[in-house]
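Okay, structure first, notes after.
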Amino acid sequence: MSTLAVIASQFAFVYPVIMSCLWISGGVYHYLRRERRSPPCHQPPRFGGELPFVTILVPCHNEGDNVRETLGAALAQHWPRYEVIAINDGSVDDTGAQLDALAAIHPRLRVIHLDRNLGKANALRMGVLAARSEYLVCIDGDALLQAHALHWMVHPLATGDRVGAVTGNPRIRNRSTLLGRMQVAEFSSIIGMIKRTQRSYGRIFTVSGVICAFRRTALHQVGYWAEDMLTEDIDISWRLQLAGWEIRYAPNALCFILMPETLRGLWRQRLRWAQGGVEVIRRHGVRLLDWRQRRMWPIAAEYVLSVAWAHTVAALALAWLARPWWQASASWPGAFPGNTELLMLGVCLLQFACSLLIDRRYERRVGRTYFWVAWYPLAYWLISATTTLAALPTHLLRRRGRRATWTSPDRGLR
């Protein structure tokens, strides 16, 4: 076997282990330094003075099944001074009628109707123009905010002058299928640990678009959300940090969301996420050459290595399938490091265990879903690799400058 094939094989198997170790150490460090002594999520943090006025923005497109529950949770916040603005972005179901009915009952709620589907970025921009506050909390049309979520989202903005955005802690609430239960483990042991690690070294790849908060001044400086980006949350995260603003992670800010529970819905969602990564690197990659942007280098390097890993796995799989039929079906001699499979399994279980111990602080019964995590590494790596491979050609075929409009997402099985 060639030296190049051996190196590629070792990279394909060792890279996930190295990243898992990085996420474990970063997650534990963040927990010990920033989470362990903070109040529990059902108790608000301390503010030095009067609580500021806050605006909750809820962009909606065909959310008739969820909008009443979402706005009910938003209007039940334990925060004295706030407003809720729902933006109906060209819905063709009864979303608009339900919003008007709710606005007639709740004086805090205002509704903006847009006559056609212009995309989430445009809907958020319209909401900002109508807002009366400096602090903006943005949630999706299926998100249920925990009662003290505003406290935890606004606190970093109110106490840090250079904090431009805050990302919360989304939790999966539809857990009726294997895919739903595996995603509970994913958001805890993968996404949550990654955000903790990235926050520990100062930059975050993206806020969670389903629950995030912004300083209006920072948004205005960078020109608000880009209307031609498929993942406006990734793009705004990069532009804020490239402009010198910080992004904080608030794990106590809980938000319960619906996620896809079909393979088709999950594929479409993850392909859009992967395309968002390609778009942001293509648009902002040149700016990383500036020495002043060196704190973004680890984020960019992590993404580039993940893309290289996906292509390496695909190349190795194709090479294995192309072998002559008379060769043995066993692994190629020298291709894989010894006991790599056991090492990967051990590190994976350690990561799950660490995330479980941390996440019990926010969700006591989260351990029940960990029975299903044995399936998760294979499913996660397979979906991650295939969507990353498909993202580049899909992005190149997409017309540049085309507005990113809404498509009704998979909200899980009913």
Side-chain angles (χ1 to χ4, degrees), residues 41-42 54-120 122-124 126-128 130-133 136-153 168-177 180 183-184 208-213 233 253-262 265 269 363 405-414:
C41 56
H42 60 272
V54 177
T55 298
I56 301 177
L57 300 179
V58 189
C60 305
H61 177 71
N62 294 342
E63 293 288 1
D65 293 338
N66 306 305
V67 70
R68 285 185 174 272
E69 195 174 15
T70 295
L71 291 178
L75 292 164
Q77 288 294 293
H78 295 173
W79 187 270
R81 302 170 57 236
Y82 72 98
E83 64 177 350
V84 180
I85 300 178
I87 307 97
N88 174 29
D89 190 24
S91 298
V92 295
D93 63 356
D94 63 343
T95 298
Q98 292 196 51
L99 291 176
D100 288 337
L102 290 170
I105 301 173
H106 301 282
R108 292 185 188 269
L109 175 62
R110 288 191 285 153
V111 178
I112 299 174
H113 293 285
L114 304 179
D115 62 349
R116 57 196 177 97
N117 177 2
L118 295 176
K120 183 178 179 181
N122 179 76
L124 287 170
M126 295 300 104
V128 172
R132 295 181 290 144
S133 67
L136 311 163
V137 176
C138 308
I139 62 174
D140 280 357
D142 69 315
L144 303 183
L145 289 175
Q146 192 263 355
H148 289 100
L150 279 190
H151 289 81
W152 291 104
M153 293 296 285
N169 186 359
R171 318 295 301 182
I172 310 300
R173 59 186 174 110
N174 51 330
R175 309 175 182 186
S176 58
T177 66
Q183 288 177 90
V184 176
S208 296
V210 70
I211 174 172
C212 49
D233 47 358
L254 302 185
C255 175
F256 296 88
I257 63 173
L258 297 171
M259 291 292 285
E261 290 188 292
T262 64
Q269 181 196 61
E363 191 178 349
T405 55
W406 292 85
T407 55
S408 299
D410 182 348
R411 298 297 196 194
L413 302 179
R414 298 288 178 177

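When reading the values below, keep in mind they use all heavy atoms of this one structure, side chains included, and skip hydrogens, waters and symmetry mates.
- The backbone N or O of Leu136 sits nowhere less than 3.5 Å from a side-chain atom of Thr55 that would complete a donor-acceptor pair.
- A distance-only check finds no donor-acceptor pair linking the side chain of Asn66 to the backbone of Ala143 [under 3.5 Å].
- Asp142 contributes atom CG, which lies 4.5 Å from atom CG of Leu258 (distance to the nearest 0.5 angstrom).
- A donor-acceptor pair is defined here as one N or O able to donate and one able to accept, closer than 3.5 Å; no such pair exists between the side chain of Asp89 and the backbone of Pro59.
- Taking both residues in full, the closest heavy atoms of Trp79 and Arg108 are given as O-NH2, 4.2 Å, listed atom of the first, atom of the second, then distance.
- Taking CD of Glu83 as the start and CG of Leu57 as the end, the distance is 8.0 Å to the nearest 0.5 Å.
- Minimum interatomic distance between His61 and Gly90 (heavy atoms only, all atoms of both residues): CE1-O, 3.6 Å.
- For the pair Asp233 and Ser208, the minimum side-chain heavy-atom distance is 4.5 Å or more.
- Looking at heavy atoms from C-beta onward, Leu114 lies out of side-chain contact with Asn88 at the 4.5 angstrom threshold.
- Scanning both residues, Ala103 and Val111, for their nearest heavy atoms gives CB-CG2, 3.9 Å.
- Using a 4.5 Å heavy-atom cutoff, the side chains of Ile56 and Leu145 are in contact.
- Counting only distance, with no hydrogens or angles, the side chain of Tyr82 and the backbone of Leu75 share a donor-acceptor pair below 3.5 Å.
- For Pro170 against Val210, the heavy-atom pair with the smallest separation is CB-CG1, 3.7 Å.
- Residues Gln146 and Arg171 have side chains not in contact (no heavy-atom distance under 4.5 Å, counting atoms from C-beta outward).
- Atom CG of Asn62 sits about 8.0 Å away from atom CG of Asn117, to the nearest 0.5 Å.
- A 4.5 Å side-chain heavy-atom check between Ile172 and Ile257 finds at least one atom pair inside the cut-off.
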Exercise for the section: Before giving the answer on salt bridge (Lys or Arg N to Asp or Glu O under 4.0 Å), spell out for Asp140 and Lys120 the whole-Å C-alpha distance, their side-chain angles and the decisive distance to 0.1 Å. Expected result: CA-CA 10 Å; Asp140 280 357; Lys120 183 178 179 181; 2.7 Å; yes
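- No side-chain donor-acceptor contact under 3.5 Å links Ser91 to the backbone of Gly96.
- Inter-residue side-chain proximity for Ile211 and Met153 is flagged as met; some heavy-atom pair is nearer than 4.5 Å.
- Judged purely by atom type and a 3.5 angstrom limit, Asp93 uses its side chain to pair as donor or acceptor with the backbone of Gly64.
- A donor-acceptor pair under 3.5 Å links the side-chain atoms of Thr95 to the main chain of Glu63, judged by distance alone.
- Using a 4.5 Å heavy-atom cutoff, the side chains of Ile85 and Ile112 are in contact.
- For the pair His42 and His78, the minimum side-chain heavy-atom distance is 4.5 Å or more.
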Handout entry: Chi angles and distances behind the side chain to side chain contact (heavy atoms under 4.5 Å, CB included) call for His148, Gln77
Key = CA-CA 6 Å; His148 289 100; Gln77 288 294 293; 5.9 Å; no
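- Note that CH2 of Trp152 is 12.0 Å distant from CG of Asn169, once rounded to the nearest 0.5 Å.
- The distance from the CD1 atom of Ile139 to the SG atom of Cys60 is 8.5 Å, given to the nearest 0.5 Å.
- Heavy atoms only, all atoms of each residue included: Ala130 and Arg110 are closest at O-NH2, 2.8 Å.
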Problem - Steps toward side chain to side chain contact (heavy atoms under 4.5 Å, CB included) verdict (Ile87, Val58) - result: CA-CA 6 Å; Ile87 307 97; Val58 189; 5.9 Å; no
